[in-house]
**Student:** 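Quick one: the structure is below, questions incoming.
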Amino acid sequence: MDAIADLRATYLDQIARASYPDALEAVRLAALGKKGEISLKMRELGRMTPEERKIAGPALNALKDEIDAALKARRAALEDAALEERLRGEWLDVSLPGRPRPRGTVHPVSQVMEELTAIFADMGFSVAEGPQVETDWHNFDALNIPPEHPARQEHDTFFMHRSEGDNRPPHVLRTHTSPVQIRAMQDQGAPLRVIAPGRVYRMDMDQTHTPMFHQVEGLAVDRDISMANLKWTLEEFCRAFFEVDEVELRFRASHFPFTEPSAEVDIRCSWEGGQLKIGEGDDWMEILGSGMVHPKVLEAGGIDPTRWQGFAFGLGIDRIAMLKYGIPDLRAFFESDLRWLRHYGFSALSVPNLHAGLSG
Ligand code: DAH
C-alpha cells in the first residue's frame, strides 16, 4: 500500500510542477501511458492472489482516476493561463485614432482629360495616341505644312539632336496633337471618330505659356460631314464640360494649313468682379482652332478625299482647366508645389462620368 501512496505523491507533485503542456503530457505518459508506471502496476493485478487483488484493485483504480482528474484540471489551468497571457499581449485600444496616411490628389490636367474623354466617348469618339517625339513629316508635312511654310517658324519647335552622319529622318518634340490625326487615319481608315489628348512642346515661357502644355485633338471622318456637325459637337462638348445649359460659341474665320475652311472658336463669357462666368456677359474667349480637314491631309492619312470628308479641332487642355476651375497662373500647373496640388487637386476615388457629375 505504501507503493501506491508513493506513486500518488510523486505524480501529483509532478503534475503540479508541470508548467507547460508538453511537460504535462510527459507526466501523463510516465504514469498512465501504455508503459506507464500505474498501467504496469494494474497489469500486475493478474498475478496476485484473489485476496491481494481485492485490496490492490480498487486502490489502483482510485489512483488512476485521481491522477487522470489531476491531469485534466492542470491542463485546463495551463490553457487558461496561456489564454490570459495572449490576451494581455494582444491587447488593442480600439478607441485610438487611426494613423494618418498621406493621400495624393489627381492633377487638374488629368482630371480635365478624364472629363473630356467621358464627354467625347458619350458622343462616339475613342481615344487615339501618338508619340511625343514625332517625325517632322507627321508633325508638319503630312499636315500640309511644307518645309518653307511660315507656320513652321510660328511653332517654335524643339528639334531632336542628330550627330553628323546620322541620316535618320528629322524628329521633333510634337508641337501639337494634330499629327495623331495622321496616325489615326493610317491605322483605322474611314469612317472614324477619335480624340487625342496629350502633351505638346513649344519654346515659349511666360504667364500663359509653358514649354510643355496639353492639347486634345478631335477628328471625325465620314460621308457628308459638314461644319454644322462640327458646331453641334463643340457646343455639346462645352455645355457638358462647363456644366451650364446655355453656351454660345462664335466661329471666326481663320487660317490653318490643315483645314479648309478654318475657324477659331470663342465662347461667350463675363469677367464681372474678376470672376469668369461661362455662357453670359459680353466678352468672348478663344478656346480652340478647328475646320474641315484639308483634302491633302486626308490623302496623307491614306483616305480618299473624293469619298470622305472630316472635321477636326484642337483645344488647349490647360486653358479650359484654368477656365473651369478658376486657376489663375498656368506656370503653377507644372511646379509640383504640394500646397497647390492639394488645393486644386481632385479625389482619386471619384472618377468623372456624365451621370454622377463630372467633377463629383
Ligand atoms: N494644331 C493647332 C494648334 O496647335 C490647333 C488646331 C487648329 C487643330 C485647327 C486642329 C484644327 O485640328 O482643325 O494651334
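We number each residue from 1, following the sequence as shown. The model shown is predicted, which means the values in this text are computed figures rather than measured ones. Because only heavy atoms are used, hydrogens play no part in the values below, and waters and symmetry mates are left out as well, while side chains stay in. Whatever order the structure lists them in is the order used to number ligands and atoms, beginning at 1.
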**Student:** Just which atoms of ligand 1 are under 4.0 Å from any heavy atom in S178?
**Tutor:** 1 (N), 8 (C)

**Student:** Closer than 4.0 Å to some heavy atom of Q215 - which atoms of ligand 1 meet that?
**Tutor:**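 So the answer, numbered in order with elements, is 3 (C), 4 (O).
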
**Student:** At less than 4.0 angstrom from any non-hydrogen atom of Q181, what atoms of ligand 1 do you find?
**Tutor:**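 Under 4.0 Å from Q181, ligand 1 has these atoms: 12 (O).
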
**Student:** Which class fits the ring pair F237 and F120: parallel under 30°, tilted 30 to 60°, perpendicular over 60°?
**Tutor:** parallel

**Student:** Between R223 (side chain) and R307 (backbone), is there a donor-acceptor pair under 3.5 Å?
**Tutor:** yes

**Student:** Would you please determine whether F311 falls within less than 4.0 Å of ligand 1 on a heavy-atom basis?
**Tutor:**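 It does not; every heavy atom stays at 4.0 Å or beyond.
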
**Student:** Under a 3.5 Å distance rule, please check whether R268 uses its side chain to pair with a backbone N or O of G279 as donor and acceptor.
**Tutor:**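 Flag not set: sc R268 to bb G279 has no pair under 3.5 Å.
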
**Student:** For atom 2 (C) of ligand 1, what is the nearest protein heavy atom, given as residue, atom name and distance?
**Tutor:**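 Protein heavy atom at minimum distance: F258 CZ, 3.8 Å.
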
**Student:** I'd like to check which ligand 1 atoms, numbered from 1 as shown, lie under 4.0 Å from a non-hydrogen atom of G314.
**Tutor:**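 Reading through ligand 1 atom by atom, the close ones are 6 (C), 8 (C), 10 (C), 12 (O).
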
**Student:** Starting from the C-alpha separation in whole Å, work towards a yes-or-no answer on side-chain hydrogen bond (donor to acceptor under 3.5 Å, both in side chains) for E37 and Y11.
**Tutor:** CA-CA 10 Å; E37 224 173 338; Y11 285 112; 2.7 Å; yes

**Student:** Any nitrogen or oxygen of G218, main chain or side chain, under 3.5 Å from a nitrogen or oxygen of ligand 1?
**Tutor:**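 Checking ligand 1 against G218, no N or O pair falls under 3.5 Å apart.
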
**Student:** Find all atoms of ligand 1 within a distance of less than 4.0 Å from any non-hydrogen atom belonging to F256, and give their numbers and elements.
**Tutor:**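 So the answer, numbered in order with elements, is 7 (C), 9 (C).
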
**Student:** I'd like to know if the side chain of H176 reaches the main chain of N139, judged simply by a donor and an acceptor atom lying under 3.5 Å from each other, with no hydrogens or angles considered.
**Tutor:**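 At least one qualifying donor-acceptor pair exists.
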
**Student:** Tell me the nearest of H294, R202, H255 to atom 4 (O) of ligand 1, using heavy-atom distances.
**Tutor:** R202

**Student:** Test your reading of the structure: does T175 have an N or O sitting under 3.5 Å from an N or O of ligand 1?
**Tutor:** no

**Student:** What atoms of ligand 1 come within less than 4.0 Å of a heavy atom belonging to T259?
**Tutor:** 13 (O)

**Student:** Answer yes or no: does atom CZ of R319 have more than 12 heavy-atom neighbours from other residues, nucleotides or ligands under 6.0 Å?
**Tutor:**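 Incorrect, the count does not exceed 12.
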
**Student:** Stepwise, does the side-chain hydrogen bond (donor to acceptor under 3.5 Å, both in side chains) test hold for R162 with H171?
**Tutor:** CA-CA 9 Å; R162 284 274 183 269; H171 279 66; 3.1 Å; yes

**Student:** Check the orientation of H107 and W340. Use parallel for under 30°, tilted for 30 to 60°, and perpendicular for over 60°.
**Tutor:**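 The rings of H107 and W340 sit tilted, inter-plane angle from 30° to 60°.
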
**Student:** Which atoms of ligand 1 have any heavy atom of A312 under 4.0 Å away?
**Tutor:**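 In order of number, 12 (O), 13 (O).
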
**Student:** Which class fits the ring pair H214 and F334: parallel under 30°, tilted 30 to 60°, perpendicular over 60°?
**Tutor:**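 Answer is tilted, since the angle falls between 30° and 60°.
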
**Student:** List ligand 1 atoms under 4.0 Å from G291, heavy atoms only on the residue side.
**Tutor:** 13 (O)

**Student:** Look at atom 12 (O) of ligand 1 and say which protein heavy atom is nearest, naming residue and atom and giving the distance to 0.1 Å.
**Tutor:**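 For this ligand atom, the closest protein heavy atom is E217 OE2, 2.6 Å.
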
